[in-house]
Amino acid sequence: MLKKQEKRLTRHRRVRAKISGTGKVPRLCVFRSHQYIYAQLIDDEKGKTIAVATGKANIDKAKKVGKLIAKKALEKKIEKVIFDRGGYQYHGRVKAVAEGAREGGLKF
């Protein structure tokens, strides 16, 4: 029997086999822990993190994290990203980050 985190990592690997970020269209990766939510823009070709945003883990603050990562991306002239939900379901805090990023001006 697989544990909850092992199942999430399996889903994440399956998604990562299909998507990859570039310098012009980086991957917006979301990670959520019990207390915090993290969003980062990653250029997978170079293996570099372009920008990071983090905040406390509730839906309102997750939306602010999305807006913050969008602001940082637009400062670096990045308008389009590939969304990587990290193996999590697309609802709650993960969805709030995506909506905040869209409101901030990013296109998925």
Side-chain angles (χ1 to χ4, degrees):
M1 180 97 173
L2 291 176
K3 292 182 181 175
K4 193 173 184 178
Q5 185 167 355
E6 291 170 341
K7 288 180 181 180
R8 183 192 75 79
L9 290 173
T10 301
R11 286 190 301 269
H12 186 55
R13 284 190 205 104
R14 191 180 322 130
V15 171
R16 282 288 294 121
K18 297 174 188 170
I19 66 169
S20 182
T22 63
K24 289 186 178 183
V25 184
R27 177 169 54 101
L28 174 57
C29 184
V30 176
F31 176 78
R32 64 184 179 105
S33 69
H34 186 69
Q35 280 192 321
Y36 295 94
I37 189 142
Y38 305 88
Q40 54 183 330
L41 293 174
I42 302 170
D43 178 359
D44 289 314
E45 291 177 341
K46 294 180 182 175
K48 300 282 183 184
T49 299
I50 299 168
V52 177
T54 184
K56 285 282 192 178
N58 67 37
I59 291 179
D60 296 332
K61 293 185 180 164
K63 201 166 201 176
K64 288 180 184 177
V65 168
K67 288 181 182 180
L68 181 61
I69 197 76
K71 179 182 172 190
K72 289 181 178 184
L74 293 174
E75 286 174 0
K76 296 181 186 260
K77 299 181 181 171
I78 296 169
E79 297 176 358
K80 190 171 181 183
V81 297
I82 298 170
F83 188 71
D84 177 8
R85 59 189 172 87
Y88 301 107
Q89 283 187 323
Y90 185 79
H91 73 105
R93 292 178 281 163
V94 175
K95 184 177 178 182
V97 170
E99 289 172 352
R102 283 190 187 105
E103 287 177 16
L106 287 180
K107 292 181 174 44
F108 293 21

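Only this structure's heavy atoms are used, side chains among them; waters, hydrogens and symmetry mates stay out.
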To the nearest 0.5 Å, atom CD of Q35 lies from atom OG1 of T54 at 11.0 Å
In this structure, OG1 of T22 is separated from CD of E45 (nearest 0.5 Å) by 5.5 Å
Sequence neighbours excluded, the answer for side chain to side chain donor-acceptor pair (under 3.5 Å) partners of H91 is Q89
Closest non-hydrogen contact found for A62 with A96 is CB-CB, 3.9 Å
Applied to residues 66-75, the side-chain hydrogen bond (donor to acceptor under 3.5 Å, both in side chains) test, sequence neighbours excluded, yields K67-E103
Across all chains, not counting sequence neighbours, the side chain to side chain donor-acceptor pair (under 3.5 Å) partners of D44 are R27
Residues joined to I50 in its hydrophobic cluster, side chain to side chain under 4.5 Å directly or through other members, sorted by chain and number, are L28, V30, F31, Y36, I37, Y38, L41, V65, I69, I78, V81, F83, Y88, Y90, V94, V97, L106, F108
Distance col, row T10:OG1 vs Q5:CD, nearest 0.5 angstrom, shows 10.5 Å
Side chain to side chain donor-acceptor pair (under 3.5 Å) filter on R32, not counting sequence neighbours, yields none
Note, D84 side chain near H12 side chain (heavy atom, < 4.5 Å):
yes
Tracing side-chain contacts under 4.5 Å among Ile, Leu, Val, Met, Phe, Trp and Tyr outward from V25 reaches V15, I19, I82
The reported gap from NZ in K18 to CZ in R13 (rounded to nearest 0.5 angstrom) is 15.0 Å
When rounded to the nearest 0.5 Å, the distance separating SG of C29 from CZ of R16 is 8.0 Å
Correct closest heavy-atom pair for A101 and A70 would be O-CB, 3.6 Å
To the nearest 0.5 Å, atom CZ of R8 lies from atom CZ of R85 at 10.5 Å
Walk me through whether E79 and L74 qualify under side-chain contact (heavy atoms from CB on, under 4.5 Å). CA-CA 6 Å; E79 297 176 358; L74 293 174; 4.0 Å; yes
In terms of heavy-atom contacts, L68 and A53 come closest through CD2-CB, 3.8 Å
